[in-house]
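A short write-up of the structure that comes next.
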Amino acid sequence: MYRTHTCGELRPLHVGQTVTLAGWVHRQRDHGGITFLDLRDRYGIVQVVADPSRPEVHAAQEARAEWVLGVTGVVRRRPAGAENPHLATGEIEIEATRVEVLNPAKPLPFLINKDEETEEAVRLKYRYLDLRRERMQRNIILRHKVVKFIRDYLSERGFIEIETPMLFKTTPEGARDYLVPSRLQPGMFYALPQSPQQLKQLLMVAGFDRYFQIARCLRDEDLRGDRQPEFTQLDLEMSFVERDDVLDMVEGLFTAMVKQLLPHKRLLASPWPRLTYRQAVERFGTDKPDLRFGMELYTLNDIFAQTDFMVFQNVLKSGGVIKCIVAPGCADYTRKEVDDLTTFCKEQGAKGLATLALTAEGVKGTAQKFIKPQEEQAIQSLTGAQTGDLVLFIADSAAVANKTLSALRLLFRDRLKLADPNLLAFAWVVDFPMFEYNEEEKKWDAAHHPFTMPKMEDLPKFETDPSQILSDAYDMVLNGYETASGSIRIHRPDIQQKVFQLLGLKDEEIQAKFGHMIEAFQYGAPPHGGMAPGIDRLVMIFADEPNIREVIAFPKNQAGRDLMADAPSPASEKQLNELHIRLDLKKTD
RNA sequence: GGUCCCGUGGUGUAGCGGUUAACAUGCGGCCCUGUCAAGGCCGAGAUCGCGGGUUCGAAUCCCGUCGGGGCCGCCA
């Protein structure tokens, strides 16, 4: 038997018992006449004491960090004054009667027993060692608890967990698909699911009523700190529900989860705030606002209606907006600091940045000479800006102004530490537009997806102005991240047809791509809707981690490579032949 | 596709035109009976990612390239 107990569980009540433990050498302190070993497993650390004069415990002296040992000994209370309050097992120690090397270890590429920053490429190459570290163990265990909580909570409420295929069908809309060539059907391809969207809707047609799945989703797009090519969603769908039924269910789930799993975190508000898409963009410049702090955006078009400043005039004439935010206590920014902000704004697409510094010696800044005293007064009373603050103006198209000011807002959040890291600002963003115009391809795209239900009262606008059609789509946002999105779905074939037509899909195309959906909806489809919270992002935020890779056991790097296994890698000639694939690698541009 | 930042012993850093390339930690050896980031002494370990250029002289400046990361585009 390798062990009778785990390293983390021994307490004074075990004193006198003979126990057998197995684990890794966390640290070793050899004093010559006595040797201490900290033996570690995932449950904790316990101190083993070995007397080197006893040959059966001699291995304690030769052991090095991360060797795997088997230890037998007697649990005893530590001598008075030698307790370690930093260890859960710190009141006791194991007096070893046997120390056996189960497996030695080479010196490691980085230290397990220390949470020192290590280049991520090295961590990813030796991910199995990185995962042995306390930080990663904590994250992966938290992730397990989150998923377990979801399964329990939803099961108790009548939800059925159903698996859907990984090999499915490519779809025209949305993200780039990962394709899988078919051996049995030459020239044909499966697609790995971007989400189980269609399948969960068909499960509603099938009468399952309340479905969920911890579902792997795959999208072949460029990576970011919060985006991996494969990620996990809580996929969820309900029949005979309206929007608020779905929101209430998910809000209840995460409110209860935070209370149980994250007692050190506070919710910003309960019930969660709700913003319309329009309000969110107007006030924060984004549809995923971080509500942990203020610094809202203000529109100044009215105040500058009579401006003499040519730049502002031109923007107003061309239908743009003048908006600002107030950076508290930043009036003393130097010329260089303001220049750096300007550069930042230009990187976001803005043409420039105007500033107004409200200093004790008066108003300064690049916009000072263009802004009349009464305009400045109006800005102060609108925004509440005070002496010592720096007002930042962007005059541009609404889209660029919002995007730039939103980015500035987050920049100042981090720079001025405006957001409480222990605050969870969940919120709902509702009433998204149904369609977005794709300038590049001169056509309408679905803002969420083509199965989203337009607002009934907006149906006439299909003929007049599709840009004004709102939908029953909604997002869950948390601390500036989009953490879920969903919608009430179309269950009427006539409305579905209208949407497909507006998206420019030809009838044959609709049949080929979505025929199974259209047909299914003709056999008694219940009204239904759902959503899909992103597990990785949520756990990342819950674990206070700066990127999604820290909560995924084996993530890809920014180039989509697995640095440990070195994937992707070439396929053999034989494999390619079986799949009827010939490579064409000549283009290198 | 674009753009910005980073590559110095195993790991983390210093050095930023002339150094035997420094420090910590880890590693090896020796000493040490109460430590818990144990301590003390000794030692090994880096052609400074790679290639080219500038210079009397390059880890240091320039160009390219490779690797890694952030952001924009993209992500229904």
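As the structure is a computational prediction, the values presented were derived from the model and not from experiment.
For the pair R409(A) and F293(A), the cation-pi test (distance below 6.0 Å, angle within 45°) is passed.
Taking the side chain of E119(A) as heavy atoms from C-beta on, and the options C36(B), G12(B), G34(B), the nearest nucleotide is G12(B). Closest approach to the H31(A) side chain among C27(B), G34(B), G1(B) is made by G34(B) (side chain taken as heavy atoms from C-beta onward).
Checking the phosphate oxygens (OP1, OP2) of C71(B), no side-chain nitrogen or oxygen of R227(A) falls inside 4.0 Å. Phosphate proximity of G70(B) to Q558(A): present, with a side-chain N or O under 4.0 Å from OP1 or OP2. Phosphate proximity of U35(B) to R29(A): absent, as no side-chain N or O sits under 4.0 Å from OP1 or OP2. Within the structure, a side-chain polar atom (N or O) of R224(A) is placed less than 4.0 Å from OP1 or OP2 of C72(B).
Aromatic ring orientation, W428(A) versus Y474(A): perpendicular (interplanar angle above 60°, classes split at 30° and 60°).
The base of G34(B) sits within donor-acceptor range of the side chain of E93(A), with an N or O pair under 3.5 Å.
Searching all strands for a Watson-Crick or G-U wobble partner of C41(B) with both distances below 3.5 Å returns G29(B).
Listed for the S195(A) side chain is a donor-acceptor partner under 3.5 Å among the backbone atoms of Q197(A).
Residue ring and nucleobase are stacked for F36(A) and U35(B), with a centre distance beneath 5.5 angstrom and an angle between planes beneath 30°.
Within 4.0 Å (heavy atoms only), P79(A) reaches at least one base atom of the nucleic acid.
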